[in-house]
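Below is one structure; the comments refer to it alone.
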Amino acid sequence: HIDTTSVGVARCYYGVDIYNSNAIVDKNNILVNTTSGTESGAAYPIQLTSPFTVTVSNNNLTTVSRGPNTGIYAALSWTGGFGDLTVEGNIIDVTGYAVAGGYALVSGIEAEIDVARVYENTIKVSNLADYDDTNPVYGVSIADSAYMSTDATADIRWNNITVDGKYAVYYKSAVNTNVTFNELLAHELEGNDAAFIASG
């Protein structure tokens with residue numbers, strides 16, 4: 001999906017958009033590239049809205065935007081419903097624009113859901129804005145949890161994650177979560193130091 005809209009105009013694009021469904025997204029090449037973007041808008045190869053049980057495997061996901069951007073965006077619906085996601089064996093390349101304040105997230109996988117399993121992926125996240133360690137730029141994250149009424153659980157293993165942000169893995173809140181056997185490289189931190197769970 002290619003868009004050449006003028007810079008400064010917010011547009012929302014999704015390569016695959018799944019709602020209230022069980023699904024497998026396997027062996028695809030998905031590119032979402034837009035010249036548009038402000039502090040709003042979206043350019044997501046895959047968006048998921050609960051309730052769902054979805055596996056995303058063996059895909060090449062590339063997204064470029066001048067605004068917020070996420071390779072896989074998974075969220076609970078405001079009406080609720082269980083979200084269960086497995087992401088395995090993908091190459092995820094995200095370029096966006098994130099500055100501190102407001103909604104400006106740039107992330108490989110934003111998993112605002114009950115359960116996320118993230119295995120053997122290669123994730124690269126680049127931010128077009130000047131570096132600041134308060135910019136929300138992550139490899140795997142829950143940076144927002146506005147509709148979550150239960151604790152999130154994640155199992156994040158055997159991934160190679162390179163991020164132009166402070167943390168490669170960032171969870172605002174999580175319980176019973178493993179972040180193990182990964183290669184994590186953030187702007188200044190690496191390894192265990194590049195993973196942060198704020199509470200839980």
Side-chain angles (χ1 to χ4, degrees), residues 12-28 30 32 40-61 63 65 68-92 94 96 98 103-123 125 136-159 161 163 167-180 182 195-200:
C12 295
Y13 297 110
Y14 313 105
V16 176
D17 195 1
I18 296 173
Y19 172 76
N20 189 16
S21 183
N22 297 334
I24 296 172
V25 182
D26 185 62
K27 297 184 180 70
N28 301 281
I30 301 175
V32 183
S40 61
Y44 304 158
I46 298 175
Q47 175 174 266
L48 310 168
T49 306
S50 72
F52 66 79
T53 299
V54 170
T55 296
V56 177
S57 54
N58 306 306
N59 301 281
N60 289 316
L61 307 177
T63 176
S65 172
N69 215 358
T70 303
I72 300 172
Y73 181 76
L76 297 180
S77 166
W78 64 273
T79 58
F82 195 83
D84 185 313
L85 173 63
T86 300
V87 181
E88 186 169 14
N90 302 278
I91 298 172
I92 302 172
V94 176
Y103 185 80
L105 176 68
V106 175
S107 182
I109 303 167
E110 171 74 358
E112 301 167 17
I113 53 173
D114 302 274
V115 178
R117 300 170 201 85
V118 182
Y119 303 138
E120 298 183 286
N121 301 280
T122 299
I123 301 172
V125 180
V137 181
Y138 312 111
V140 180
S141 59
I142 290 184
D144 187 20
S145 55
Y147 295 123
M148 296 192 68
S149 59
T150 60
D151 292 319
T153 297
D155 192 24
I156 301 169
R157 301 175 189 254
W158 309 298
N159 301 281
I161 303 175
V163 178
Y167 297 113
V169 176
Y170 173 85
Y171 265 54
K172 183 176 179 180
S173 178
V175 299
N176 302 322
T177 289
N178 299 305
V179 182
T180 54
N182 302 282
F196 184 73
I197 297 174
S199 67

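Everything numeric here is computed off the predicted structure, so don't read it as measured data.
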Any side-chain heavy-atom pair from Leu85 and Val56 closer than 4.5 angstrom? yes

Nearest-0.5 Å distance, [atom1] of residue [X] to [atom2] of residue [Y]:
{"X": "Leu48", "Y": "Asn20", "atom1": "CG", "atom2": "CG", "answer": "12.0 Å"}
{"X": "Ile156", "Y": "Thr177", "atom1": "CD1", "atom2": "OG1", "answer": "7.0 Å"}
{"X": "Leu61", "Y": "Thr70", "atom1": "CG", "atom2": "OG1", "answer": "12.0 Å"}
{"X": "Thr55", "Y": "Asp84", "atom1": "OG1", "atom2": "CG", "answer": "8.0 Å"}
{"X": "Ile109", "Y": "Ile161", "atom1": "CD1", "atom2": "CD1", "answer": "7.0 Å"}
{"X": "Ile46", "Y": "Tyr14", "atom1": "CD1", "atom2": "OH", "answer": "14.0 Å"}

Shortest non-hydrogen contact from [X] toward [Y]:
{"X": "Pro136", "Y": "Ala104", "result": "CG-O, 3.6 Å"}
{"X": "Ala116", "Y": "Tyr171", "result": "CB-OH, 4.1 Å"}
{"X": "Ala98", "Y": "Val137", "result": "CB-CG2, 3.8 Å"}
{"X": "Asn159", "Y": "Val118", "result": "ND2-O, 2.9 Å"}
{"X": "Ala152", "Y": "Ile113", "result": "CB-O, 3.5 Å"}
{"X": "Asp114", "Y": "Leu76", "result": "OD2-CD2, 3.5 Å"}

Please work out which of the three classes, parallel, tilted or perpendicular, describes the rings of Tyr138 and Tyr170, given edges at 30° and 60°. parallel

Apply the test side chain to side chain contact (heavy atoms under 4.5 Å, CB included) to residues Tyr167 and Ser141: give CA-CA distance (whole Å), side-chain angles for both, the deciding distance (0.1 Å), then the verdict. CA-CA 9 Å; Tyr167 297 113; Ser141 59; over 6 Å; no

Can you check side chain to side chain contact (heavy atoms under 4.5 Å, CB included) on Thr53 and Phe82, steps first, answer last? CA-CA 8 Å; Thr53 299; Phe82 195 83; 5.6 Å; no

If only atom types and distance count, is the side chain of Ser50 paired as donor or acceptor with the main-chain N or O of Ser77 below 3.5 Å? yes

Looking at Trp158, is its backbone amide N or carbonyl O close enough to the side chain of Asn182 to form a donor-acceptor pair, meaning the two atoms are under 3.5 Å apart? yes

The residue among Asp26, Asn28, Asn90 that forms side-chain hydrogen bond (donor to acceptor under 3.5 Å, both in side chains) with Asn58 is Asp26

Please name all residues satisfying salt bridge (Lys or Arg N to Asp or Glu O under 4.0 Å) with Asp17, sequence neighbours left out, ordered by chain then number. none

Quick one: which of Ile72, Ile91, Val140 gives a side chain to side chain contact (heavy atoms under 4.5 Å, CB included) with Ile123? Val140

Any donor-acceptor N or O pair under 3.5 Å, side chains Thr153, Asn176: no

